[in-house]
Amino acid sequence: MIRDHIADLVTSAVDLAIADGLLPDIPFPEPDIERPKETEHGDYATSLPLRFARSAGKKPMEIAEIIVNTFAEDPIIFAPEVSNPGFLNFRLTTTWLQEQVEVISEKGENWADLNLGQGSKIQIEFVSANPTGPLHVGNGRGAAIGDTLAAVLTAAGYDVSREYYINDAGSQSAAFVETLYARYQQILGRDVALPENGYPGEYMIEIAQKMVENHGEGYLAELGMPPDVQFGEHGTSLMVEYIRNTLSAFGVQYDTWFSESTLYEEGVWDEVKGILGGSNQLIERENALWFTSSELGEDKDNVVIRSDGRPTYYASDIAYHFEKFAKRNFSRVIDVWGADHHGHVERLKIATNAVVGHECDLQVLLYQLVTLKRGDEIVRLSKRSGEIITLDELIEEVGSDAARFFFLLRSPNAQMEFDLELAVKKSNENPVYYIQYAHARMASILERAREDGRELLKGDVNLLQQAHELALIRQMLRLPEVIEQVAKTSEPHHLARYAIDFATAFHIFNDAFKQLGDPSMKVLTDDPELTAARLKLVSTARSVLARCLQLLGMSAPERM
RNA sequence: GCCCCCGUAGCUCAACCGGAUAGAGCGACGGACUUCUAAUCCGUAGGUUGCAGGUUCGAGUCCUGCCGGGGGUACCA
C-alpha cells in the first residue's frame with residue numbers, strides 16, 4: 001500500500017540524515033502517514049518533524065528541510081513539500097496516477113483486496129435475535145453492520161464465517177411456545193388465556209394458524225396439559241424460517257444457523273461444567289450453581305444453573321464460545337450485539353478464557369440502540385409490548401438498499417434516531433440514490449459507447465490529465481485504504497462515507513462539461529483517442545464503485 | 001450509587017494514531033437543462049464542538065469535575 005511505501009521513504013530519509021550527522025542518532029517517531037483534509041496539502045502528509053522536534057533538539061521546520069534534502073527520488077511520489085508549522089506534504093506523480101487506471105482495469109473487481117487476514121479463520125456472529133417474534137428495525141442495524149463487516153473482512157483476506165445463534169433453549173423460548181400453544185388452542189376452539197409473560201403480538205396468531213394448517217389438531221393435548229415437545233420445535237423452526245426470509249430479503253446469507261439446544265444435547269455444556277468444576281470455579285449457593293467470576297475480577301459471581309435446575313443464558317453463552325474457540329478453532333470471533341447487552345461482555349470474556357484455558361481473541365462489537373420516531377412520538381422497540389416496527393415493514397417501505405445504507409452510514413457507537421415518517425416521505429432523498437445514480441450514469445455511458453462500437457479498454461491513460469479526471473483516479477485509490485480501515489476498526493460506516501465521496505467525484509467529473517460549457521470535456525467526444533482514454537477511466541471507475549456497493553450489500557443498477 | 005456509549009451548523013450525522021482553515025447530506029437562499037439520465041452540478045448563509053479546568057508545539061479527539069440524553073447494573077435474553 002502507498003502509505004507504507006511513503007513511510008519507508010521517510011524512514012530511509014531520516015536514517016540517511018542521521019548517518020550524515022544532520023540529525024542526532026536517537027530513536028525517532030513512527031512516520032505516521034495521514035490523508036490531509038485540505039487538498040492543497042497534497043495526497044498524503046506526515047507530522048513527523050513536529051513530533052521529532054523535542055527529542056532531536058531542533059526546530060520542526062528545520063527537521064522537515066533536512067528530510068526533504070535526504071529524500072530519495074521516487075517514481076510514485078514527488079519529494080515532499082515543507083509546510084508550516086512542520087508538516088511534510090506528499091503528492092502522487094501524474095504518471096503513476098494514470099498508470100493505476102491500467103492496473104485496476106487489469107486486476108479487475110478484486111483489485112482492492114488485501115491480505116491482512118492471511119486466510120485466518122474468523123467468525124462473525126450477528127443478529128441472533130430470539131426466535132420469539134419477527135425482527136425489528138433495531139435488528140436491521142445489527143444485520144447491516146455484521147454483514148458488511150463480514151464482506152469487508154473477506155476482502156481483507158480473512159476466511160470469514162457468518163453465524164446466527166438461535167436461542168431456542170431459554171425461558172423466552174419457553175414463553176414463546178406457551179403463547180403459541182395458547183393461540184393454537186384458541187384457533188381450535190378452546191377458551192384458554194394467553195400466558196402472563198407471553199408474546200401478545202398478532203404474528204403469533206399467524207404462526208399458530210400455520211401450525212393448524214400443517215398439523216391440524218395433531219398437537220392438541222389434554223386440557224391443561226402441555227403439548228408434545230415437537231410442537232415447540234416445529235413452532236420455533238417456523239419462526240426461524242420467518243427470520244431467515246427477512247434477512248434474505250435484506251441481502252444477508254449465513255453460513256451457519258447454530259442452535260443453542262445442541263449445546264446441551266451434545267454435551268458441550270457438560271464438558272464446560274466439568275472443566276470449570278475441576279478448577280473449583282463453580283460453587284453451589286442458595287440451591288443454584290454459580291460461576292465464581294468475582295475471583296477473576298468481576299463485580300460479582302454469576303448464576304449458571306438456577307435453583308430449579310435450568311441453566312441460564314450465561315451458561316449457554318460460555319458453552320457456545322467454548323465451542324467456537326475450542327471445538328471449531330476460530331482464531332478470532334466477533335460478536336455483534338446491541339448496546340443493551342453491554343453488561344454481559346466482560347463476564348463472557350472472562351469465562352471464555354477460563355474455560356478454553358488461554359486468552360481468546362473475542363471481540364464484542366456493540367452498536368447503540370435505534371430510537372424510532374413517528375413524527376414527534378417515540379416508538380418503543382419491544383417484542384413484549386406487541387407493537388413493533390418490523391424489519392420487513394421497513395424493507396417494504398424504503399427498500400433493502402436504502403435501509404441498509406441508512407444503518408451503515410452511522411458509526412456503531414452513535415445512537416441513531418429513525419423517523420419513520422421521514423424515511424417514507426423522503427425516501428428519494430436518501431443518499432443511496434446519489435450513489436446508485438452515479439453507477440447508473442457510468443453504465444449508461446459505457447452502454448452508449450458499446451452501441452457506437454467503441455472499445456472500452458484500449459485507451460491510452462496518459463491522456464487523462466484534467467483535474468477532475470485525476471481527482472476521480474485519486475478516489476479510486478482510496479478503496480484499499482478504506483477496506484483496511486474498516487477491517488482494523490470494525491466500523492463499516494467508513495465504507496459508506498467513502499461511497500458518497502466516490503459518487504461525488506464521479507458526478508463532478510461527469511458534469512464538468514456542463515459546468516464549463518465545453519463539450520470536449522465529455523467522455524464521448526469527436527476525438528477517438530481521448531474518448532478511448534476516458535472510457536477506460538469510466539469503465540474502471542464503474543467496477544470500483546460496483547465493488548464498493550457489493551461490499552455494502554447494495555445493488556448496482558445499470559439504469560435508474 | 002457504580003459501569004458503558006453519546007452531546008459538533010436549524011435537523012440527521014462525519015472527522016483515520018492528538019495535526020494544518022471542524023466537514024457532508026437534508027432544510028433555507030441564489031444560479032446552471034439545446035444532457036453522456038438535472039435522482040446531477042456551482043454558489044451563499046449557517047459553529048465559543050454541552051460547561052469549567054488540565055496535559056502540549058498542537059485538543060472535537062487525551063485527563064479531572066460538573067450538566068444533559070440513552071443503555072446496563074436479574075436465578076430475563
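We use all heavy atoms of the structure for the numbers below, so side chains are in, but hydrogens, waters and symmetry mates are not.
More than 90° away from 0 lies the glycosidic angle of B/C26, which makes this nucleotide anti.
Comparing atom distances between the A/Q368 side chain and each of B/U37, B/U21, B/G70 picks out B/G70 as nearest. Listed nucleotides: B/G23, B/C76, B/A14. Nearest to the side chain of A/E38: B/G23. Closest to the side chain of A/H342, from the set B/C75, B/C3, B/C17, is B/C3. The side chain of A/M560 approaches B/A39 more closely than any other nucleotide in the set B/C13, B/C5, B/A39. The side chain of A/Y437 sits closest to B/A39 out of B/A39, B/G72, B/U21. Counting only heavy atoms from C-beta on, A/I508 has its side chain closest to B/C42 among B/C75, B/C42, B/G69.
The phosphate of B/A77 has neither OP1 nor OP2 within less than 4.0 Å of any side-chain N or O from A/N167. Checking the phosphate oxygens (OP1, OP2) of B/A20, a side-chain nitrogen or oxygen of A/K37 falls inside 4.0 Å. For B/A39, neither phosphate oxygen OP1 nor OP2 lies less than 4.0 angstrom from any side-chain nitrogen or oxygen of A/R559. OP1 or OP2 of B/A15 lies within a sub-4.0 Å distance of a side-chain N or O belonging to A/H494. Phosphate contact (OP1/OP2 of B/A15, side-chain N/O of A/H493, threshold under 4.0 Å): present.
To the nearest 0.5 Å, atoms CZ (A/F126) and OH (A/Y367) are separated by 11.0 Å. How far CZ of A/R141 is from CE of A/M416: 5.5 Å, rounded to the nearest 0.5 Å. One finds the CZ atom of A/R347 at 5.0 Å from the NZ atom of A/K300 (value rounded to the nearest 0.5 Å).
Across all strands, A/R35 comes closer than 4.0 Å to base atoms (heavy-atom distances). Among the protein residues, A/A45 comes within range of the nucleic acid bases, having at least one heavy atom under 4.0 Å from a base atom. Within the 4.0 angstrom heavy-atom criterion, only backbone atoms of the sugar-phosphate kind lie near A/Y434; the bases stay farther away.
Distance, A/Y320 OH to B/A77 P: 16 Å, rounded to whole Å. Between A/R285 atom CZ and B/A74 atom P there is a gap of 14 Å when expressed in whole angstrom units. Rounded to whole angstrom, the span from the CZ atom of A/R441 across to the P atom of B/U37 amounts to 8 Å. In this structure, CG of A/D168 is placed 13 Å from C1' of B/A77, rounded to the nearest angstrom.
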Derivation and outcome, salt bridge (Lys or Arg N to Asp or Glu O under 4.0 Å), residues A/D43 and A/R3: CA-CA 10 Å; A/D43 294 304; A/R3 280 176 120 120; over 6 Å; no

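Aromatic pair A/H344/A/Y314: centroids less than 6.0 angstrom apart.
The base of B/C75 sits with one of its N or O atoms less than 3.5 Å from a complementary donor or acceptor on the side chain of A/S307.
Comparing B/G19 with B/G60, their P atoms sit 10 Å apart, to the nearest whole Å.
Between A/D168 and A/S259, the side chains place a donor N or O and an acceptor N or O closer than 3.5 Å (distance only, hydrogens not considered).
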